[in-house]
Protein chains: 4
Amino acid sequence: MKTSTNVSRRREESERTAAKGGRPRSEQLHQAILQAAVHLVLTSGFRSLSMDAIAAEAGVGRMTIYRRWPNKAAIIMAAFVMRVDPGTLFKPADNFIESIRLQMRTMAKAFRGRDGALIRVLLAEAQFDPELAKALREQWTLPRRKMAAEYFRSGIRDGILRADIDPEAMIDILYAPLYYRLQMGVGALSDAYVDEVFEHAMKGLLHGTK
Amino acid sequence: MKTSTNVSRRREESERTAAKGGRPRSEQLHQAILQAAVHLVLTSGFRSLSMDAIAAEAGVGRMTIYRRWPNKAAIIMAAFVMRVDPGTLFKPADNFIESIRLQMRTMAKAFRGRDGALIRVLLAEAQFDPELAKALREQWTLPRRKMAAEYFRSGIRDGILRADIDPEAMIDILYAPLYYRLQMGVGALSDAYVDEVFEHAMKGLLHGTK
Amino acid sequence: MKTSTNVSRRREESERTAAKGGRPRSEQLHQAILQAAVHLVLTSGFRSLSMDAIAAEAGVGRMTIYRRWPNKAAIIMAAFVMRVDPGTLFKPADNFIESIRLQMRTMAKAFRGRDGALIRVLLAEAQFDPELAKALREQWTLPRRKMAAEYFRSGIRDGILRADIDPEAMIDILYAPLYYRLQMGVGALSDAYVDEVFEHAMKGLLHGTK
Amino acid sequence: MKTSTNVSRRREESERTAAKGGRPRSEQLHQAILQAAVHLVLTSGFRSLSMDAIAAEAGVGRMTIYRRWPNKAAIIMAAFVMRVDPGTLFKPADNFIESIRLQMRTMAKAFRGRDGALIRVLLAEAQFDPELAKALREQWTLPRRKMAAEYFRSGIRDGILRADIDPEAMIDILYAPLYYRLQMGVGALSDAYVDEVFEHAMKGLLHGTK
DNA sequence: GTTTAATCGAGACGGTACGTCGAGTCTTATG
DNA sequence: CATAAGACTCGACGTACCGTCTCGATTAAAC
């Protein structure tokens with residue numbers, strides 16, 4: 001049976017890790033639960049995900065999960081946060097503009113993969129769960145918006161971007177389309193698409209009458 | 001008790017309508033259910049919405065609901081579709097550009113109200129329910145994209161918009177930010193915000209080097 | 001499909017009968033319903049019997065049934081009463097005593113067949129349904145007890161039975177065992193069993209010390 | 001409200017028992033459920049008995065009931081079995097014959113009370129439920145028949161009963177009338193009635209021609 | 001090295017909502 | 001007008017999860 005297989009898989013791993021004198025057991029359980037939750041979400045979807053299933057997959061009692069997180073969404077959120085690269089958003093490239101395009105491509109690539117699936121789930125669930133919405137905003141959305149805004153402001157200071165640009169609006173115009181495509185099922189999140197959005201936004205939609 | 005109040009409300013209305021020789025009973029039930037569902041979603045939220053509650057609020061048996069829709073999301077979808085104005089998207093204004101801005105404002109206003117709440121719920125639920133995703137795409141997203149794309153293409157033909165613009169990308173840049181703000185809880189969906197997005201997108205983000 | 005087959009069966013029969021200028025249509029429906037009900041009880045059991053099923057089997061609307069009987073049990077009761085031979089209970093035989101034994105055998109035979117199944121169902125259902133209990137008592141139990149009591153009394157008058165016998169108790173001693181075996185699943189309701197009960201009751205259980 | 005009253009009644013009792021360091025909790029629930037079920041059957045009848053009602057009356061979740069018994073009848077059966085005195089059937093009296101009469105009276109008395117109501121329900125339900133029929137036969141009918149048969153056989157051995165008597169037939173003649181009266185609503189199950197049946201059966205119905 | 005105190009797995013518990021089924025009522029269209 | 005068809009309200013069914021709680025067993029720390 002799948003469950004017991006996974007249980008023993010976790011157990012064996014646990015013993016192995018302990019033998020290596022690794023992290024404390026509590027930390028191992030943490031990881032095992034997050035891993036199990038993500039695995040189940042990616043394979044079976046968030047809706048058919050139950051606390052029981054996570055507990056079984058992780059080889060763990062239900063209380064052990066509830067001791068750490070209040071609900072399924074919080075687990076996925078924790079797993080997602082753990083995966084997010086806390087590093088810099090924009091590579092300090094010699095070409096300011098191209099660096100933006102590259103960052104957008106990186107994000108699109110993430111959205112195409114595992115992170116995209118998690119974001120989709122979290123963003124959707126957040127519509128019903130203010131706690132989660134807050135967490136998502138504070139741990140994902142706002143930090144990245146802040147970094148982007150700062151980067152864009154530096155571009156304004158350096159005279160590369162127009163002075164009358166609002167970084168917040170710029171962020172929305174460039175990145176909202178990625179979220180839109182992630183959720184809407186209207187066309188792919190390809191690099192070509194990213195480029196197109198990027199070019200259009202940069203050049204503007206009107207004739208160069210200014 | 002709340003329920004019986006609502007039940008009788010529906011019943012009285014039913015008799016009144018029948019007295020007017022109005023719509024067939026079946027159609028009345030349809031409306032009563034949709035109305036009850038929307039009312040409950042708007043007051044108590046989608047998560048705490050149960051088939052029982054809808055049935056009670058509508059003064060209707062559970063089976064009558066299941067006969068018509070397979071789940072809660074489908075009910076909300078039906079209610080939403082019923083509300084959507086199937087008319088033209090862009091008012092044939094003398095000023096092509098301003099007409100776009102007006103349409104964006106109209107949409108933002110809708111998003112601020114009842115429709116926004118429904119869209120939020122539907123879009124979120126659609127992330128877990130492919131059937132709903134399909135319905136939402138076909139009955140909401142795609143038709144409006146199509147109309148917008150045609151309008152934009154006419155702008156290109158008339159030489160108002162640049163010839164090298166992809167209407168699809170233009171749609172995303174202009175409208176995705178509205179969805180983004182609807183969901184993210186990052187700032188309000190005010191007319192001022194709409195204008196800002198509009199202006200930035202139209203003028204472009206770069207210096208007028210073109 | 002089974003149902004439609006049966007429906008058309010009834011319909012064809014109906015037309016045939018009508019062509020013969022037979023009983024009024026209402027009476028035909030009556031019979032068709034009772035027949036369908038008995039058929040279903042005998043094949044599928046009383047528990048898995050629904051008004052829908054009867055209506056479908058009889059090719060009849062549900063209201064047509066409810067107009068005639070208040071519930072399933074009443075239908076079976078009606079069907080049962082219709083089958084019961086309203087004639088004499090005891091054949092006027094030359095041998096008074098043997099006539100009793102014969103009557104017991106006749107009853108046992110009936111209990112082994114279709115009537116037994118119906119009695120079992122009715123008697124059981126009557127434990128939960130006072131109306132049915134009354135009907136069963138008045139249309140089945142009491143009439144037969146009365147006839148038997150009279151017959152036994154004639155035996156007393158004629159000096160064949162002891163003068164100090166209470167016919168009611170005699171009825172119970174002779175016939176209750178048949179009902180007991182019908183319900184208990186303890187041994188068969190064979191003629192041999194009937195004879196044994198009969199002999200024991202007649203001779204008494206004690207040594208002939210009297 | 002009735003339910004909450006009963007719930008708390010059970011709860012308080014639970015705490016009291018726990019304070020006494022009494023039976024394990026699981027056993028308490030068992031008892032509470034059986035008690036609630038019997039109470040409801042005796043007050044409202046078996047037909048209007050629902051799993052929901054039992055659960056509410058016992059202050060218990062539905063699953064807790066389903067974990068233990070498959071249906072209502074099984075619960076009543078369990079409650080009944082628990083009440084049945086597993087002791088000897090016939091008091092070892094100095095007078096063999098009178099001991100039988102006494103036993104019959106004891107049974108009649110039981111049938112007049114709570115046990116009679118339960119037996120009625122169980123016997124009726126058993127006509128539709130082979131599982132229950134089997135349980136009732138094996139846990140009620142057959143054990144008592146066996147004890148009675150042995151007792152009667154000892155009477156034969158001791159020369160008190162006639163040698164040609166079949167204990168099984170004797171059981172039926174003596175006891176079937178009690179079941180008959182229990183179910184038929186034909187006369188009361190009084191001690192006088194028991195005596196009458198007893199006397200008739202013992203003396204035989206015919207003239208002492210033997 | 002043993003004892004003590006957490007922490008664990010397992011799983012039963014009360015509860016809520018589900019989706020289905022049948023009873024009995026009421027409506028509509030047919031003949 | 002009575003009917004067949006079938007939609008309606010109501011309420012019980014049995015299931016699935018939720019989040020809580022209890023129970024031994026296992027582990028880790030304190031002694």
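These values consider heavy atoms only, across backbone and side chains, with no hydrogens, waters or symmetry-generated copies. From a predicted model like this one, the values you see are computed outputs, not experimental measurements. Letters A, B, ... are given to chains in the order of the sequence lines, protein chains preceding strands, and every chain is numbered from 1.
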*asked:* Quick test of your reading: applying salt bridge (Lys or Arg N to Asp or Glu O under 4.0 Å), list the pairs with at least one residue in residues 29-42 of chain B, sequence neighbours left out, ordered by first then second residue.
replied: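 Non-adjacent pairs meeting salt bridge (Lys or Arg N to Asp or Glu O under 4.0 Å): zero.
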
With sequence neighbours left out, write down each residue that passes side-chain contact (heavy atoms from CB on, under 4.5 Å) with [X], or none if nothing qualifies.
X         : value
Arg67(B)  : Met63(B), Thr64(B)
Asp129(A) : Asn71(A), Ala73(A), Glu131(A), Leu132(A)
Ala117(A) : Leu42(A)
Ala135(D) : Met77(D), Gln139(D)

Mind calculating the distance between [atom1] ([X]) and [atom2] ([N]) to the nearest angstrom?
X        : N       : atom1 : atom2 : result
Glu57(D) : dG15(E) : CD    : P     : 14 Å
His30(B) : dA7(F)  : NE2   : P     : 14 Å
Ile65(B) : dA7(F)  : CD1   : P     : 16 Å
Ile75(C) : dG22(E) : CD1   : P     : 15 Å
Ile54(D) : dA12(F) : CD1   : P     : 12 Å

*Using a cut-off of 4.0 Å on non-hydrogen atoms, how would the nucleic acid contact of Arg68(B) be classed: base, sugar-phosphate, or nothing?*
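Here Arg68(B) touches the backbone only, sparing every base.
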
*Return no unless some side-chain N or O of Arg67(C) is found under 4.0 Å from OP1 or OP2 of dT3(F).*
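Yes, Arg67(C) has a side-chain N/O under 4.0 Å of OP1/OP2 on dT3(F).
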
*Taking only N and O in the side chain of Thr64(C), is any of them less than 4.0 Å away from OP1 or OP2 of dA2(F)?*
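For Thr64(C), the contact criterion (side-chain N or O under 4.0 Å from OP1 or OP2 of dA2(F)) is not met.
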
*Side chains of Arg62(B) and Ser50(B): do they bring a donor and an acceptor to under 3.5 Å?*
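No - no donor-acceptor pair under 3.5 Å links their side chains.
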
Show the distances under 3.5 angstrom between N or O atoms of the protein and N or O atoms of nucleotides 17-23 of chain F.
from, atom 1, to, atom 2, distance (Å)
dC18(F), OP1, Met51(A), N, 3.4
dC18(F), OP2, Met51(A), N, 2.8
dG19(F), OP2, Tyr66(A), OH, 2.9

